[in-house]
Structures are given as C-alpha cells and as structure tokens.
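Scroll down for the structure; my scribbles are underneath it.
For the numbers below, each heavy atom of this structure counts, side chains included, while hydrogens, waters and symmetry mates do not. Start at 1 and go down the list; that is how both ligands and their atoms are numbered.
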Amino acid sequence: MEVFDKATALLEEVQQAEIADGEALEQFRIRFLGSKNVLKSIFSEIKFVPNERKREFGQLVNAVKQAAEGKYEELKSALELKEQDAKFAELDLTRPGVSRVVGSRHPVRLVMEEMVDIFRKIGFTVEEDREIEDDWHNFSALNLPEDHPARDMQDTFYISLDPATVLRTHTSSVQVRVMERQKPPIRILSPGKVFRNETISARSHCFFHQVEGLYIDKDVSFADLLQTLQFFASEFFGADTKIKVRPSYFPFTEPSAEVDVSCFLCHGEGCNVCKHTGWVEILGCGMVDPNVLENCKIDSSVYSGFAFGIGVERIVMMKYGIKDIRTLSENDVRFLDHFKSVIV
Ligand code: DAH
C-alpha cells in the first residue's frame, strides 16, 4: 500500500541521514521531531489503512519515530565532536608557553616558619599582636618603669607628639598582652617585626624580627627552659648541637641568661661565622620576673614561667651566608629568587 511505502521510505531516509552542520541538524529535527513533523502527517493517513493492518501501520510509524530520535542524538554528538576537533586543529602545540611569574617566600619568613613548626611540636601556639604599642605593654609592665636606665638599651621610635605610643622595640610586648587576657597555663610563641632607632649598617637595621616564647604554669623551672631550648637547638641546627648558657640581665626576667649554640658550620673547629670561638649567640631568656606576672594579674606565688626572645635576622644571615642585613629588606628580586627552591 502507498502509505506503507511512504513510511518505509521515511525510515530509510532517517537511517541514511547525514548532516554537515548545525543548520542541517536543525532541519532534520524540524522534519522528524518538530511540532509539525512529517510523521504526524503520515500517521493521519491511517484512516486509509484497512482495519486489520492499522496496528502494523501504527508500529511502523512508531519505529520511524524512534529511529529519528536515536538518529538525532547520534548526529548531534557527532557534530559536537567534529566542532571540538576543529578547535583542536587550530591549537598549535609547538608554540612556547606563557611563563608565569612565581613568587618565593622571603628567607626571614622561611626561618620564622621553621621555628614555629619546631615549637608547635611541643605544644606552643602562635600569638600575634600590634606593632604600634603603648608604653605599658612595651615597657612598664615588663618591669621597665619610666626613667629605668635599661630603656636606653632600646633606642625607641616614639610616635610623634605622643610619647606614650611607640613602635614596639621587642615582641616581649605580646607576652604582656597574652598574660593580661589569658589564664595560665600559657604556652605561646610570637613571631613578629620590631623597630629600633639604630644606624643602618651591614650588621644592624632599624627594623628586624624576633620570635618570642613564653611558658607560664605551676612549677615551671629553669630546667624546663633549658630542656626547651636544647630541643629547639637540636631540631633547628642539628641533632649534635650543644647549648651554652651565660648569665645576663633583662629587666623582665630573673635570673636572665644569653644562650649560645655550638657553631653549626664548623662544629667548634672555628670559622668566620662563629668568629673562631666555636659558639654563636642566638637568644636571650630567663625566668619571668614575679613583678611582670603581678603586673599582668597572675599570682606569682602560684605560677612561674620562662620566656625567651630569638633575633631572627642574625640566624637567617648565618644560615644562608648573607653578609649584609640590608639585602633582607631591599626587595631585590635577583636576591629573593635564590629562595624559590628552598623548601623547609
Ligand atoms: N626582649 C629582649 C630583646 O629584645 C629579648 C628577650 C630576652 C626576650 C629575654 C625575652 C627574654 O623574653 O626572656 O632584646
């Protein structure tokens, strides 16, 4: 019958359809799947089909519809692939890439992070605070009342017109802030920038970095301080590093000490870094003076503690063989580039 032939011809047309572009795909969709598609019109001719073949005809038209749907999806993905291929064909994989500028961590930052990681292992957490300080937190609370001669040791930058506000001369100010707001036990490390009105030279600068440590609890002793510093020295400078403790004076600690480590370069043989003494000074420390605890409302008859302050730049310079402290703040990329591959 003629309508059967028409439907069969449509099926063949679907099966053999090929398209070149999106336009042709859309034509295919409109013809076979659109709202006024050819299958609807052929199906309306079912009235000319004798009753006993109506079912067969319905099935045939349905088969054409399904084939059209399948073919549409197939053509669509083939077209997408073709478009992608065309895009890749435009890609020139031999072209040199655009190189990106990758930053590097500053050597001072590298060393401070290494120190923090070491003290973290024994329970110290990091506390940071302001660089512009008041007189109380930088001096008075630390047992350095006005007119105390030791204030002269720290050439202070005063904020103009306001002698009570200073650029902090040490990170010990963070000790005071933490003790004021936190009850013992306290076990903190405060890395940060400090400022002193010193003549800039190859060996000293008007700003540099310190890492301050503080441990306050019941029954903290000088032996605990030594254990902690020995642990740090062995981790940072190497397992066989020895420490040497010399008596010293700081207003905020009693007793106070300065600590040397056996030279990590020559191991005591004598070299330029240790100036042929075999020892390198790395920090100041001591047992927190009871006055300082009381200033921060901590009962000194119950609690005791130790503190230490490490100067970072000197250690950075020794570690990386840097001769002039000024190179650390000049931001010369040729210098900073050296530290790109340093992974601590
Ligand atoms: N604040 C001292 C300085 O800047 C370093 C220091 C010494 C810190 C002894 C301390 C300490 O906590 O106990 O020179």
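Phe264 meets the ring pair (Phe, Tyr, Trp, His ring centres under 6.0 Å) test with Phe237; sequence neighbours excluded. With sequence neighbours excluded, no residue forms a ring pair (Phe, Tyr, Trp, His ring centres under 6.0 Å) with Phe222.
Using a 4.0 angstrom heavy-atom cutoff, Phe252 counts as in contact with ligand 1.
Near Ser172, the atoms of ligand 1 lying under 4.0 angstrom from a non-hydrogen atom of the residue are 1 (N), 8 (C). Listed by number with element, the atoms of ligand 1 under 4.0 angstrom from any heavy atom of Gly309 are 6 (C), 8 (C), 10 (C), 12 (O). The atoms of ligand 1 that sit less than 4.0 Å from any heavy atom of Gln210 are 3 (C), 4 (O). Taking every non-hydrogen atom of Gly286 and a distance limit under 4.0 Å, the qualifying atoms of ligand 1 come out as 13 (O). The contact set between ligand 1 and Phe250, taken as ligand atoms under 4.0 Å from a residue heavy atom, comprises 7 (C), 9 (C). Atoms of ligand 1 found under 4.0 Å from any heavy atom of Arg196 (numbered from 1 in listed order, with element): 3 (C), 4 (O), 14 (O). Atoms of ligand 1 found under 4.0 Å from any heavy atom of Cys285, numbered from 1 in the order shown, are 9 (C), 11 (C), 13 (O). Close approach of ligand 1 to Gln175 is summarised as follows: ligand atoms under 4.0 Å from at least one heavy atom of the residue are 12 (O).
The existence of a salt bridge linking Glu127 and Arg177 is excluded, since no basic side-chain nitrogen approaches an acidic carboxylate oxygen closer than 4.0 Å.
Side-chain contact between Trp136 and Asn295: present, with at least one pair of heavy atoms (C-beta onward) separated by less than 4.5 Å. The side-chain heavy atoms of Arg53 and Phe4, taken from C-beta on, include a pair separated by under 4.5 Å.
In this structure, Arg203 places its CZ atom where only 12 or fewer heavy-atom neighbours from other residues, nucleotides or ligands lie under 6.0 Å away.
Contact record, Ile188 with Phe124: O-CD2, 3.3 Å, taken as the closest heavy-atom pair.
Ring geometry for Phe335 against Phe339 counts as perpendicular: the plane angle is over 60°, on a 0 to 90° scale with 30° as the lower cut.
Of the polar atoms of Glu212, at least one N or O is found under 3.5 Å from an N or O of ligand 1, judged by distance alone. Residue Ala307 places at least one N or O, backbone or side chain, under 3.5 Å from an N or O of ligand 1.
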